[in-house]
Q: 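First, the structure itself, so that you have it in front of you.
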Amino acid sequence: MKERFWIESDKELMLQILNLNNVPSIELVDPKTCMYPIIGRKYGKHGGKDVSMIHTMEQAIDEGYDFYTKLYSIETEYYLEVEGLSIKGVALAFVQQAIFNEIPIRTSSFGWEWRAVDESSIPIEWKTMAIRALYVTGLTHGFVKIGVLPNESVVVLDINPSNKTFLEEIVEPKLPFSIGADIEFMLSCDHELLPASTFFPVEGDVGCDERQIEKDSGEYALVEIRPEKGESPQELFIHVNDLVEKASQMAPYENIEFHAGSMPFRGYQCGGHIHFGIPASLSLLRALDHYLAVPFALIEEPRTAKLRRRTNHGGLGRFRKKTYGFEYISLSSWLMEPKLTKSILCLAYLVAAHHHELQNEFLFNPTIQRAYYHANLPILKKLWPDIKTTLMNTSSYSKFESELVYLFEVIENGSSFHEASDMRQNWELTILNQTYDTGLIIQIPKKIRQKYNLKEGDSTFVCAGKNMSPATIHAYPFSFRNSNMIQLSKSLRSKLTLPKDWNPKLVSSGGVITLGPIIGILAARPFDRQTTYFQHLFRLAKEKQMFVYVFEPKDINWDQQVIKGTTLDGEGIFPFPAVIYDRFLFRGKTNITYDIDEVRVKLQTLYKIPFLNPPALFQLTGNKWETHHLLLDKHEEYLPETRLIEHSTDLIEMLDRYGEVYIKPVLGGSMSKGVIRIIRRPTEILMFHLNTKTLQQFSREDELFEVISPLIDRTPYLIQEGIRRKKYNGKNLEIRVYMQKNEKHTWFRTGMVTRLTSEEVLTEDLELNLRLSKVMNSLYLDPSERRYITNQLGKVAKKIVTTVEQEIGSFGELAVDLCIDQYDSIKLLEINAKPDNLFSQIRAYKLRSLAGIRLLNYAASLAGYGDQ
């Protein structure tokens, strides 16, 4: 069981180990989810006769292969013999007389042979990859097969152990030996990444790592300190301490922070490379991995440590040969705290000095490797007692005991060093009471700069709402993660009154960059039932890089052209929006000190801010008589008979004709306010005030009109026939058809909701909403009839929206409230320019999101972002 049989016999596990260690190798695939064709493989060694191309999932299941890999087009194959950390020979596959197969299988049984070639004929990177591939599997001598792809990249295809026994000649290091380092950290200013090159030169003992924020940008991301080597770790620590102090003096600002660790900013890994003045060996590398990397892993911040371990500098067995010896690069930056720095250097020296005595039988166990790469600390900590005991039993331990006790206590206390803290505080460095201003900077990814022909380093003007500022264009430091994001300096955000957590989109024209889209929701506090809807729009907008805030007229500062708005994160001061979504409702609003119509006109005409639904639409929908007249010519068949009450005869004639009528105020009257239902019976006339739920009885028509007359004298009323509607479970139903435009200004029917009430007219407290499909399935058992009625509802709504738009101009959304009468005819009840989003009430969450996205996309198009 101690033999490493699994590498030779379990090729699937071998590929898993290579992938875990970030060694380029053929990819394992799941036949249930992958793209075909793929390769089917069987366990064990079969000289390539186990390899078949699989074209379908059915074939994969029927032919019963053990595991599957991605299909590669391999141009050339090499076999590299690896012994310890050295290449002993290279062979290239040549064809003699290839036996036909769907894919080339380069084995002798398929007509191929291997011929030795000069080792110098292949790049050093390929040889380094082969050495590490063998190393991470735990073998000391073996053959690594690599394949060259059409793009000239290479992958490991197979690993086989050698029949020869490799016994490394282990040389005890001659003491003392030199130890050096180069250690990286990063800068932030006001908690945003600040390029190291802002303060530090590229060369020198305190300089910049070669990684740039963007190729050829001239902005370098990481600081690198390069101390003089020492003959002891304590001497090296003194040199490190001097350079940390020097770095702090070169950037002496209290709002700048130094961050060490694995990955202070995601995507930028920081290394803590240690230089040894002794030759690299298999024994030494294994000891450093087991007795240095694993203990250090126990105190790293797991979230970022596991990210760095999957990079080309992280992970087990990472080293580079140098003229002085070698450089061990597996560790992340260990500069977070001076005691930690000194203890890591001492531990590294101790392990290197005694590597020939240190056993590491657990290092290549798949479970241990998985725990290391996944930062599974409970598993790794089980190794600690043996590691600690072994280290304490070395003869040199007493020389470093005072430094190592600190590290051991941190490990045993389960502590970790957080990268978010400023390491200068831990090093107790003097920080001057002054702040650094990065200036008016806008950081834009190369992709967007090229789209608008913007040049890095150029001056420009940036506009947000009605605010404008000069700015300088810089490269965006995280374009590898998101090529559509931009970032503003603190000063620029402040000048434009933009929130810190918003990453806007941009458009550029005429030398001006416009940020957005910024959408303002005009509403009246308290927002009440609209609050949840607004929060939903805030969340959707954040995902789409839009900024949405809600405000009311008294929040507007006309002189400074800013608005006190409310977002998910609370209140703030923001620029005038590029588009306004009007959700201002008067329900119960008192003590208003402003003219809302004047505010709307001022924003629309004086400041040229488009409304998603313009005031002209509200004027129309707020006047029932004008709406009726507009729709009468083209849509009379869908309209209940309606008259303007000018005399008692209007009321009497309508009652005589229909027996039931509704009296509605021409202006307003939403949610049944002011609506009266009148029913004629043989012996009496009944009048219901739907809003106050009161009933009056009359024996004669003139008595009724005496009560009605004062109402119609104060405000115009219209009278409308009562429609006998379809019922569901004894409740009257109407259907709200939610019509919306998308970013291309095309009308869509987003969804339909059934609204039920026990009264004849909907009220807030009695309304019940259901999915239309549920109600239609009950009302119409015939599927074809059901489909016909449903389609007709949509067509009627589309016709009405089109007519309204021809009258008042373009707008973005409208709710069309329809009903089905007792004769299965569709009738229009009302159109609503400020509809509630009812989809959440029927748990149609996908439709709710679709409605929000369409609304935001249309608003963005009004702001000039229609193509993004």
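Being a predicted model, the structure only gives us computed values, none of them experimental.
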Q: Check whether any side-chain heavy atom of Lys490 lies under 4.5 Å from a side-chain heavy atom of Thr438, and answer yes or no.
A: no
Q: Give a yes or no on whether the ring-centroid distance for Phe200 and Tyr220 is below 6.0 angstrom.
A: no
Q: For side-chain contact (heavy atoms from CB on, under 4.5 Å), just list the numbers for Leu335 and Trp427, CA-CA rounded to whole Å, side-chain angles, deciding distance to a tenth of an Å, and then say yes or no.
A: CA-CA 9 Å; Leu335 282 179; Trp427 286 79; 4.0 Å; yes
Q: Might you point out which heavy atoms bring Ala133 and Val144 nearest each other, and give the distance in Å?
A: CB-CG1, 4.3 Å
Q: Quick one: do Ser416 and Glu301 satisfy side chain to side chain donor-acceptor pair (under 3.5 Å)? Show the steps, please.
A: CA-CA 6 Å; Ser416 62; Glu301 192 171 311; over 6 Å; no
Q: Enter the distance from Ile131:CD1 to Leu85:CG here, rounded to the nearest 0.5 Å.
A: 6.5 Å
Q: Does the structure place the NZ or CZ of Arg132 under 6.0 Å from the centre of the six-membered ring of Tyr135, at an angle of no more than 45° from the ring's axis?
A: no
Q: Just so I know, are the side chains of Ile518 and Phe576 near enough to count as touching, which here means a heavy-atom distance under 4.5 Å?
A: no
Q: Check whether Arg424 reaches the backbone of Thr430 with its side chain - one donor and one acceptor, N or O, closer than 3.5 Å.
A: no
Q: So, the side chain of Ser248 versus the backbone of Glu245: is there a donor-acceptor pair under 3.5 Å, distance only?
A: no
Q: Find the distance between CG (Asn255) and CD (Gln434) and round it off to the nearest 0.5 Å.
A: 9.5 Å
Q: What are the two closest non-hydrogen atoms of Met186 and Cys270, and how far apart are they?
A: CG-SG, 3.6 Å
Q: Where is the tightest heavy-atom contact between Gln16 and Leu28, given as atom of each residue plus distance?
A: CG-CD1, 3.5 Å
Q: With heavy-atom distances below 4.5 Å as the criterion, would you say the side chains of Leu222 and Leu187 are in contact?
A: no
Q: Answer yes or no: is there a side-chain heavy-atom contact under 4.5 Å between Ile146 and Glu77?
A: no
Q: As a quick check of understanding, evaluate side-chain contact (heavy atoms from CB on, under 4.5 Å) for Arg266 and Thr304, giving each step before the final call.
A: CA-CA 8 Å; Arg266 186 166 182 179; Thr304 55; over 6 Å; no
Q: Check whether any side-chain heavy atom of Leu331 sits under 4.5 Å from a side-chain heavy atom of Leu288, and report yes or no.
A: no
Q: Does a salt bridge link Glu192 with Lys500, judged by any charged N lying under 4.0 Å from a carboxylate O?
A: yes
Q: Before giving the answer on side-chain contact (heavy atoms from CB on, under 4.5 Å), spell out for Tyr452 and Leu506 the whole-Å C-alpha distance, their side-chain angles and the decisive distance to 0.1 Å.
A: CA-CA 10 Å; Tyr452 293 107; Leu506 70 78; 3.7 Å; yes
Q: In this structure, which one of Leu71, Val29, Thr69 forms a side-chain contact (heavy atoms from CB on, under 4.5 Å) with Cys34?
A: Val29
Q: Taking the six-membered ring of Tyr373, is NZ or CZ of Arg309 closer than 6.0 Å to its centre and within 45° of its axis?
A: no
Q: Drop me the distance from Glu228's CD to Leu236's CG, to the nearest 0.5 angstrom.
A: 10.0 Å
Q: Show me the donor-acceptor pairs within less than 3.5 Å that the side chains of residues 537-544 make with the rest of the protein, sequence neighbours left out.
A:
| residue | atom | partner | partner atom | Å |
| --- | --- | --- | --- | --- |
| Lys544 | NZ | Asn857 | OD1 | 2.9 |

Q: Taking the side chain as every heavy atom from C-beta outward, state whether Phe296 and Leu347 have any pair of such atoms under 4.5 Å apart.
A: no
Q: Determine, stepwise, if the pair Tyr476 / Asn484 fulfils side chain to side chain donor-acceptor pair (under 3.5 Å).
A: CA-CA 10 Å; Tyr476 176 59; Asn484 293 315; over 6 Å; no
Q: Measure up the Phe478 and Tyr268 rings against each other and bin them: parallel (under 30°), tilted (30 to 60°), perpendicular (over 60°).
A: perpendicular
Q: Apply side chain to side chain donor-acceptor pair (under 3.5 Å) to residues His275 and Asp182 and explain how you reach the verdict.
A: CA-CA 8 Å; His275 309 163; Asp182 59 83; 2.6 Å; yes
Q: Atom OH of Tyr253 and atom OG1 of Thr435: how far apart are they, to the nearest 0.5 Å?
A: 9.0 Å
Q: Give the minimum heavy-atom separation between Val240 and Pro227, together with the two atoms involved.
A: CG2-CG, 3.8 Å
Q: Report the C-alpha separation of Ser491 and Asp437 in whole Å, then their side-chain angles, then the decisive distance to 0.1 Å, and conclude whether the side chain to side chain donor-acceptor pair (under 3.5 Å) test is met.
A: CA-CA 7 Å; Ser491 296; Asp437 186 356; 2.4 Å; yes
Q: Are any non-hydrogen side-chain atoms of Leu515 and Lys505 less than 4.5 angstrom apart?
A: no
Q: Gln212 side chain to Ser217 main-chain N or O, any donor-acceptor pair under 3.5 Å?
A: yes
Q: Could you tell me whether a side-chain N or O of Asn376 sits under 3.5 Å from a main-chain N or O of Ala371, the two making a donor and an acceptor?
A: no
Q: Just so I know, are the side chains of Val156 and Met129 near enough to count as touching, which here means a heavy-atom distance under 4.5 Å?
A: yes
Q: Charged N to carboxylate O below 4.0 Å: is that the case for Lys127 and Glu125?
A: no
Q: Minimum heavy-atom separation for Gln369 to Asn21, with atom names?
A: OE1-ND2, 2.6 Å
Q: About how many Å separate CD of Glu214 and CD of Gln443, when rounded to the nearest 0.5 Å?
A: 10.5 Å
Q: Hey, could you give me the NE2/CD distance between His273 and Glu184, rounded to the nearest 0.5 Å?
A: 5.0 Å
Q: Please name the residue in the list Glu419, His313, Arg308, Glu300 that meets the side chain to side chain donor-acceptor pair (under 3.5 Å) test with Ser332.
A: Glu300
Q: Are Phe185 and His259 close enough that their ring centers fall under 6.0 Å?
A: no
Q: Please answer whether the main-chain N or O of Pro499 pairs with a side-chain N or O of Arg493 as donor and acceptor at a distance below 3.5 Å.
A: yes
Q: Looking at every non-hydrogen atom in both residues, tell me the closest pair between Pro517 and Ala860 and how far apart they are.
A: CG-CB, 3.7 Å
Q: Tell me every residue that passes ring-ring contact (aromatic ring centres under 6.0 Å, His included) with Phe326, counting only those two or more places apart in sequence or in another chain.
A: Phe276
Q: Does Phe319 form a ring pair (Phe, Tyr, Trp, His ring centres under 6.0 Å) with Tyr328? I'd like the steps, not just the answer.
A: CA-CA 5 Å; Phe319 78 103; Tyr328 183 64; 8.7 Å; no
